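Everything below concerns the one structure shown next.
What you see is a predicted model, and the numbers here were worked out from it, not measured in a lab.
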Amino acid sequence: MNTKEKILSKSLDLFSKYGYSDVSMENIAKEVGIKAPSIYKHFKSKKIIFDTIIKDAVIRVDNELDDVDSYKIIKNGHTSLNIEKLSIDIFKYLLHDPFVSKVRKMLSIEMYKNPQAMQFYVEKFIENPMTKQQEIIDYYGLSKFSDLKVLSTIFYSPILLAVKLYDADPKKEDELIELLKRSYEQLEKIIS
């Protein structure tokens with residue numbers, strides 16, 4: 001890992017633990033093992049470090065949501081999606097991808113201190129995934145069962161709830177996966 005990558009990695013570690021606002025360039029430099037002025041050779045400001053982390057997170061989340069082909073199933077002679085498996089895999093990805101999990105935590109801490117962080121969290125972790133879900137629902141012809149926005153809300157809301165409940169008590173992961181399975185069994189009944 002080169003110095004620039006180490007700065008990004010250690011910054012994310014600190015931001016996800018304390019929030020962006022409460023971390024200084026000196027804190028980052030200390031974690032990296034360099035003097036604070038050396039950071040400026042790689043990044044002009046803490047905001048640029050933050051923005052770089054966010055850009056990487058967007059690419060990672062978008063790439064993960066783009067890969068839905070492996071969830072295709074044939075049901076009643078039509079191509080459909082294994083909604084339960086897709087939802088559980090999204091849930092696990094948000095929890096266990098080390099980078100995305102830290103970004104999510106960083107934004108959860110920061111969004112109450114910084115309106116821009118709140119806006120970004122809502123856009124990247126709620127609105128964009130729901131829009132992507134609408135595209136998937138429409139592509140697989142499931143929109144005939146209800147309004148796209150309503151279906152994507154029904155699909156994505158349990159995942160968001162489960163993530164927040166996991167953050168409150170990580171020991172409940174298996175219980176939350178079971179809750180997701182039961183939720184999506186009900187959704188399957190609606191669209192079958």
Side-chain angles (χ1 to χ4, degrees), residues 1-71 85-133 135-136 156 159-160 162-174 176-177:
M1 184 181 297
N2 65 34
T3 303
K4 187 172 186 173
E5 291 167 338
K6 196 170 182 184
I7 291 168
L8 290 170
S9 176
K10 295 299 183 181
S11 295
L12 180 56
D13 288 347
L14 291 168
F15 295 162
S16 68
K17 193 171 186 178
Y18 303 108
Y20 169 81
S21 301
D22 293 338
V23 174
S24 68
M25 292 295 259
E26 290 78 18
N27 299 136
I28 296 167
K30 183 178 178 184
E31 284 295 310
V32 174
I34 60 176
K35 296 182 189 258
S38 298
I39 291 179
Y40 295 99
K41 292 177 186 174
H42 303 280
F43 298 97
K44 291 182 181 180
S45 68
K46 185 172 79 166
K47 173 129 176 45
I48 291 173
I49 294 171
F50 180 84
D51 291 345
T52 302
I53 291 169
I54 293 302
K55 284 178 188 173
D56 192 14
V58 168
I59 291 166
R60 290 176 189 222
V61 171
D62 285 349
N63 286 341
E64 186 70 18
L65 290 176
D66 279 343
D67 185 26
V68 296
D69 285 343
S70 61
Y71 299 97
K85 182 169 176 18
L86 176 61
S87 68
I88 291 168
D89 286 354
I90 290 171
F91 173 66
K92 287 179 178 180
Y93 175 73
L94 292 172
L95 300 184
H96 299 300
D97 179 89
F99 184 84
V100 171
S101 177
K102 287 178 185 177
V103 169
R104 187 178 52 74
K105 289 175 183 177
M106 171 187 71
L107 291 171
S108 292
I109 292 168
E110 197 61 30
M111 67 184 176
Y112 297 102
K113 300 176 185 178
N114 179 340
Q116 290 172 323
M118 174 68 86
Q119 180 183 357
F120 183 86
Y121 181 87
V122 168
E123 180 183 326
K124 300 302 180 189
F125 284 89
I126 298 173
E127 291 173 350
N128 286 3
M130 286 185 64
T131 299
K132 184 67 178 173
Q133 295 307 319
E135 291 169 8
I136 292 167
Y156 199 58
I159 297 169
L160 288 177
V163 166
K164 289 301 180 188
L165 291 171
Y166 172 88
D167 286 345
D169 187 358
K171 292 180 229 150
K172 290 189 174 184
E173 181 177 351
D174 292 336
L176 294 167
I177 288 171

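If you check the side chains of Ser24 and Asn27, you find a donor sitting under 3.5 Å from an acceptor.
Side-chain atoms of Gln119 and Pro115, non-hydrogen and from C-beta on, never get closer than 4.5 Å to each other.
Applying the side chain to side chain contact (heavy atoms under 4.5 Å, CB included) rule to Ile39 yields the partners Ile7, Met25, Ile28, Ala29, Ile34, Ile49; only residues at least two apart in sequence or on another chain are considered. When the ring pair (Phe, Tyr, Trp, His ring centres under 6.0 Å) test is applied to Phe43, no partner is found at least two apart in sequence or on another chain. Partners of Asn63 according to the side chain to side chain contact (heavy atoms under 4.5 Å, CB included) rule, which considers only residues two or more places apart in sequence or in another chain, are Ile59.
Here salt bridge (charged side-chain N to carboxylate O under 4.0 Å, His left out) pairs that include residues 40-50, with residues two or more places apart or in two chains, are Lys47-Asp51. Residues in residues 5-35 take part in these ring pair (Phe, Tyr, Trp, His ring centres under 6.0 Å) pairs, two or more places apart or across chains: Phe15-Tyr20, Tyr20-Phe50.
Distance check, rounded to the nearest 0.5 Å: CD1 of Ile53 to CG of Leu12 gives 5.0 Å. Rounding to the nearest 0.5 Å gives a distance of 9.5 Å between CG of Asn114 and CG of Leu107. Here the straight-line distance linking atom NZ of Lys172 with atom CG of Asp167 works out to 13.0 Å at 0.5 Å rounding. With values rounded to the nearest 0.5 angstrom, Lys55 atom NZ is found 8.5 Å from Ile48 atom CD1. Taking CE from Met106 and NZ from Lys17, the interatomic distance works out to 16.0 Å, rounded to the nearest 0.5 Å. With rounding to the nearest 0.5 Å, the separation of CG in Leu8 from OG1 in Thr3 is 11.0 Å.
Annotation for Gln116: atom CD does not count as buried by contact number, only 12 or fewer foreign heavy atoms lying within 6.0 Å.
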Output side-chain donor-acceptor pairs under 3.5 Å for residues 87-95, partner residues at least two apart or in another chain, one line each.
| from | atom 1 | to | atom 2 | distance (Å) |
| --- | --- | --- | --- | --- |
| Ser87 | OG | Ile83 | O | 3.3 |
| Ser87 | OG | Glu84 | O | 2.8 |
| Asp89 | OD2 | Tyr71 | OH | 2.6 |
| Asp89 | OD2 | Lys85 | NZ | 3.0 |
| Tyr93 | OH | Arg60 | O | 3.2 |

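Between the side chain of Glu110 and the backbone N or O of Ser21 there is at least one donor-acceptor pair closer than 3.5 Å.
Considering all non-hydrogen atoms of both residues, Tyr121 and Ser108 come closest at CE1-OG, 4.1 Å. Closest of all the heavy-atom pairs between Glu5 and Asn2 is N-OD1, 2.8 Å.
Tested against Glu173 for a side chain to side chain contact (heavy atoms under 4.5 Å, CB included), the candidates Asp169, Leu176, Ile177 yield a single pass: Ile177.
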